[in-house]
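Structure first, commentary second.
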Amino acid sequence: MLKSRVIPCLDVKDGRVVKGVNFVDLVDAGDPVESALAYDAAGADELCFLDITASHERRGTMLDVVRRTAAACFMPLTVGGGVRSLDDILALLLAGADKTSIMTAAVHDRDLVRRAAEKFGSQCIVVAIDAKKVGDGRWEIFTHGGRRPTGLDAVAYAREVTSLGAGEILLTSMDRDGTKSGFDLELTRAIADAVTIPVVASGGVGTLQHMVEGIRDGHASAVLAASIFHFGTFSIHQAKQAMQNAGLAVRMDGDAA
Amino acid sequence: MKVAIIDYGSGNLHSAAKAFERAARDNAISATIAVSADPDVVRKADRIVLPGVGAFADCRRGLDAVPGLVDVLNETVMAGGRPFLGICVGMQLMATRGLEHVTTPGLGWIDGDVVVITPDDPRLKIPHMGWNTLNARPHKLLDGITTGPAGLHAYFVHSYQLAARHGQDVIATTDYGSALTAMVARDNIAGTQFHPEKSQKLGLGLIANFLRWSP
């Protein structure tokens, strides 16, 4: 049967990992490729790079990172951050990304999702949704790191991008991101139950139990986390072990403990 | 040994090429990997790999856009018996027809249609995306690879599957509500719905087996 996925996410700025990975002895914890290799060996199911490079001119460095990662890592790689056009997507795919995640550009130009899915296939088009709770059972899409409201209802938007051809949704609760208090399960479940495509839950993981809840109670197909893995709080293996103990199906192909 | 990975504009072939290089190196197989659309390179290759991502019709158009490529494939693979591996949509192209959005002819090597996945359980998401195990019959390409529910995992991402008319052409399935076609093979031709180049242990093992394969 299909397994629930565990996905570490690395923030990359100007070609360097922002929060260093220190769960193994890396020669250079700031090197995204070395971090990627470590996660590959640790049994991560996929890897996500989020490019937070501020200037558009320096984005070429990300392509180089993707190229070097794809050459060394035989696991699926999603790249997001600043993806604005079909050309941006093409450049990332040609560099070796398996999926690209679109956020702000999709909010402003919904049709970009349709054009991208038609040109490259739904399987490589992830739509990232940053949502904040604005009322009982209502969540709104925000951009610019949660600072700018868009007036868009998160559930309706998720349905819309699904019908336009998105292949996956990367859902982040801006209320929970960085809090280590667990996913917004109500939000995750509302979106996951509303769409036919897989949903990756993100934002708020602080314990192993949180990952279990994201799948079991949030109905997500995958859980994404950053700091708890990077800072060595938990290993990928521990996360999967906890999920397995909770009765969830995970991939354990002789992972490093 | 010369391996041709056919580049017909269907996505990035960088990681596929690297995975073949790695599998060859790890198994002390001497192989040069060429990523090329040149029919002459394909004709001279000892192993032919047809990748593919995106929509069936787009991939078919891409193949047809390279003058002489389909003819060379038919001549070397079907008439010449050269070992061939189709990956993802490259595997689906081996079918008689693709029924994704529009009806498009495939290469017609495996009798069957490429049809949308329709799980009985509405909770099952489409695309079938992620890691799943294989239920397989013994085959040289799976030598040394543990299959079954407790076996190794392969990475899938697809919304359509090859529904083969003849059960003997299907050598592996994967369970997603029902049994989806994961691998087809007959004589010197084989195809995987999953991505061996993204499937770590299982993938590198299968690629090494393909490089050693003498059907």
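In what follows, every heavy atom counts, from backbone to side chain, and hydrogens, waters and symmetry copies are set aside. All chains are named by letter (A, B, ...) in the order of the sequence lines, taking the proteins before the strands, and each is independently numbered beginning at 1. It should be emphasised that the depicted structure is a prediction, and the values quoted were computed from it without experimental measurement.
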Measure the CG-CZ distance between B:Leu202 and A:Phe74 for me, rounded to the nearest 0.5 Å. 14.5 Å
Residue pair B:Gln200 / A:Asp40, side-chain donor-acceptor N/O under 3.5 Å: yes
Considering all heavy atoms of both residues, which atom of A:Asp253 and which atom of B:Lys201 are nearest to each other, and what is their separation? O-NZ, 3.1 Å
Tell me, side chain or backbone of B:Ser199 under 4.5 Å from chain A's heavy atoms, or both, or neither? backbone
CD/A:Glu46 to OH/B:Tyr155 distance, rounded to the nearest 0.5 angstrom? 3.5 Å
Counting heavy-atom pairs under 4.5 Å to chain A, which of B:Arg22, B:Lys18, B:His128 comes out on top? B:Lys18
Distance-only, no hydrogens or angles: does the B:Trp131 side chain make a donor-acceptor pair with backbone N or O of A:Arg5 under 3.5 Å? no
B:Pro127 and A:Gly167: which non-hydrogen atoms are nearest, and at how many Å? CD-O, 3.5 Å
Could you go through B:Met129 and A:Lys99, starting from their C-alpha distance and side-chain angles, then the distance that decides it, and tell me whether this counts as side-chain contact (heavy atoms from CB on, under 4.5 Å)? CA-CA 12 Å; B:Met129 183 188 286; A:Lys99 302 186 241 181; 3.3 Å; yes
Which atom pair, heavy atoms only, marks the closest approach of B:Asn132 to A:Leu2? ND2-N, 3.3 Å
Does A:Ala192 offer a backbone N or O that forms a donor-acceptor pair with the side chain of B:Lys125 under 3.5 Å? yes
Could you look at B:Leu204 and say if it's the side chain, the backbone, both or neither that has a heavy atom under 4.5 Å from chain A? side chain
Heavy-atom pairs under 4.5 Å with chain A: which of B:Ala19, B:Ala16, B:Ala55 has the most? B:Ala19
Segment of A:Ser221 engaging chain B (4.5 angstrom heavy-atom cut-off): side chain
Is A:Asn245 atom CG crowded by more than 12 heavy atoms from other residues, nucleotides or ligands, each under 6.0 Å away? yes
Roughly how far apart are B:Leu13 CG and A:Leu94 CG, rounded to 0.5 Å? 9.0 Å
Once you round to the nearest 0.5 Å, how far does CG of A:Asp193 lie from CZ of B:Arg123? 10.0 Å
For A:Met1, I'd like to know if atom CE has over 12 heavy atoms of other residues, nucleotides or ligands within 6.0 Å. no
Check: B:His153 main-chain N/O paired with A:Lys3 side-chain donor or acceptor under 3.5 Å: no
